[in-house]
Amino acid sequence: MLAYRRPDSGISESFLLYRAFIAFLTLNTTTMPRLTLNPSDPDDIEVKGIVFDMDGTLCLPQTWMFAEMRRVLGIDKKTDILDHIYSLDVAEQEVAHEKVRQVERTAMVQIEPQPGLNELMDFLEEKKILKSICTRNFPTPVQHLLSTFLSSKVFHPIVTRDFKPPKPSPAGILHIAKHWNIDPKHLIMVGDSVDDMLAGYRAGTTTILLESDVNGHLKGAPETDYVVQRLDDIIKLLENGIEIQDRKPQVDEETVKALD
């Protein structure tokens, strides 16, 4: 059977279909770079460190805590807590900070570890993967969590809200990457909030969302690369290798100043 030939181009329809098929195969066989423990392909990238959020990530969510913070500050749900505090006069800022710290101290003694916490940390230590914390909390609750549930594990450096600007700025994560002397593409940000996903995305890391009852809307967000139900689900991701996006850090003037 003769192939139909387009009179305007002199190119047969069968040839055009063949060329489209080859283009389709090429498109679908192009592999994305993988973040993996043991790089075996030239495009593979070795995972070298993981940055964790604290509230709702290393410990179970305490959603009442943020509602209480807003109550004592007299702000609504649409207003970012730290943005509100930093907008106040210097003297008023310390008063507001202390109100928030008091709520955090109350929540601190009620914290419970996330399922799979110790299993993941044991795995990371065995594989010599660096660990850090980047949180909007203040230092005391962080140290309480570490001393209570992770006393034998090393997290360094630890970035709290004493470091400015806080998440969702990428500055804290980039500060950690700079301290480790590691390109952010070798890192993973694990968290449970939009601030965590945005900060990791803007820092150029791969992001993993720890799913909860209140963050399902983030599963399809462009800043969220992977979703897990438990912390130790990350072990299998690391063992299998994670396909990653090629992204660069998004750095503004405020971030540059923070990293100087």
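FYI, side chains are in, hydrogens and waters are out, and symmetry mates aren't considered; it's all heavy atoms of this structure.
Follow the hydrophobic side-chain contacts under 4.5 Å out from Leu145 and you reach Val142 in the same cluster. Following chains of ILVMFWY side-chain contacts shorter than 4.5 Å, one can reach Leu37 starting from Leu35, so the two form part of one hydrophobic cluster. Ile133 and Leu82 fall into different hydrophobic clusters, where Ile, Leu, Val, Met, Phe, Trp and Tyr are joined by side-chain heavy atoms under 4.5 Å apart, directly or via other members. Met69 is not connected to Ile111 by any chain of hydrophobic side-chain contacts under 4.5 Å among Ile, Leu, Val, Met, Phe, Trp and Tyr, and they are in different clusters. Leu209 and Ile234 fall into different hydrophobic clusters, where Ile, Leu, Val, Met, Phe, Trp and Tyr are joined by side-chain heavy atoms under 4.5 Å apart, directly or via other members.
A donor-acceptor distance shorter than 3.5 angstrom exists from the side chain of Asp252 to the backbone of Thr255, with no hydrogens or angles considered. Between the side chain of Thr205 and the main chain of Tyr201, no donor-acceptor pair closer than 3.5 Å is present. Listed for the Lys167 side chain is a donor-acceptor partner under 3.5 Å among the backbone atoms of Cys134. At least one donor-acceptor pair under 3.5 Å links the side chain of Tyr226 to the backbone N or O of Glu243. Formation of a donor-acceptor pair under 3.5 Å by the Thr224 side chain with backbone atoms of Leu218 is found in this model. A donor-acceptor contact shorter than 3.5 Å links the side chain of Gln114 to the backbone of Cys59. Side-chain atoms of Asp233 come within 3.5 Å of backbone atoms of Arg230 as a donor-acceptor pair (strictly under, hydrogens ignored). The backbone N or O of Asp232 lies less than 3.5 Å from no partner atom in the side chain of Glu119, so there is not a single donor-acceptor pair. Within the 3.5 Å criterion, the main-chain N or O of Asp192 finds a donor-acceptor partner in the side chain of Asn215.
A 4.5 Å side-chain heavy-atom check between Phe138 and His97 finds every atom pair outside the cut-off. Contact check for Val190 versus Leu231: side-chain heavy atoms found under the 4.5 Å cut-off. Within the 4.5 Å cutoff, the side chain of His84 has no heavy atoms near those of the Asp80 side chain. You'll find the side chain of Asp55 reaches within 4.5 Å of the side chain of Met65, heavy atoms only. Inter-residue side-chain proximity for Pro115 and Leu60 is flagged as met; some heavy-atom pair is nearer than 4.5 Å. Residues Val103 and Trp64 meet the side-chain proximity criterion, which asks for heavy atoms closer than 4.5 Å. At a threshold of 4.5 Å between non-hydrogen side-chain atoms, the residues Val100 and Ile81 count as touching. Looking only at side-chain heavy atoms (C-beta outward), Asp196 and Thr207 stay at 4.5 Å or farther from each other.
Using a 30° and 60° split on the angle between ring planes, Phe155 and Phe52 fall in the perpendicular class, above 60°.
Here CD of Glu223 is found 4.5 Å from CG of Leu198. Values are rounded to the nearest 0.5 Å. The structure places CD1 of Ile45 at 11.0 Å from CD1 of Ile242, a figure rounded to the nearest 0.5 Å. Between the CD1 atom of Ile85 and the NZ atom of Lys99 there is a distance of 10.0 Å, given to the nearest 0.5 Å. The structure places OG1 of Thr206 at 6.0 Å from CD1 of Ile188, a figure rounded to the nearest 0.5 Å. Expressed to the nearest 0.5 Å, how far CD1 of Ile182 lies from CD1 of Ile176 amounts to 11.0 Å. Ser132 contributes atom OG, which lies 11.0 Å from atom CD1 of Ile50 (distance to the nearest 0.5 angstrom).
Salt-bridge formation is detected for the pair Glu239/Lys236: a Lys NZ or Arg NE/NH1/NH2 atom is positioned less than 4.0 Å from an Asp or Glu carboxylate oxygen. For Arg101 and Glu104, the salt-bridge test fails: no basic side-chain N is under 4.0 Å from an acidic carboxylate O. Using a 4.0 Å cut-off between charged nitrogen and carboxylate oxygen, Lys131 and Glu125 count as a salt-bridge pair. Checked for salt-bridge contact, Arg136 and Asp195 meet the test: a charged N lies under 4.0 Å from a carboxylate O. Of the charged side-chain nitrogens involved, at least one lies within less than 4.0 Å of a carboxylate oxygen, so that Lys153 and Asp122 count as a salt-bridged pair. Ionic pairing of Asp260 and Lys178 is not present here: no N-O contact between side-chain nitrogen and carboxylate oxygen is shorter than 4.0 angstrom.
Within 6.0 Å of the CD atom in Glu98, the count of heavy atoms belonging to other residues, nucleotides or ligands exceeds 12. Counting heavy-atom neighbours within 6.0 Å of Asp162 CG, excluding the residue itself, gives a total above 12. With a 6.0 Å radius and a threshold of 12 heavy atoms from other residues, nucleotides or ligands, Asp76 has its CG atom above the threshold.
For the residue pair Thr36 / Asp44, no side-chain donor-acceptor distance below 3.5 Å is found, with atom types taken as modelled.
Taking the ring pair (Phe, Tyr, Trp, His ring centres under 6.0 Å) definition, one finds that His144 meets it with nothing, sequence neighbours left out.
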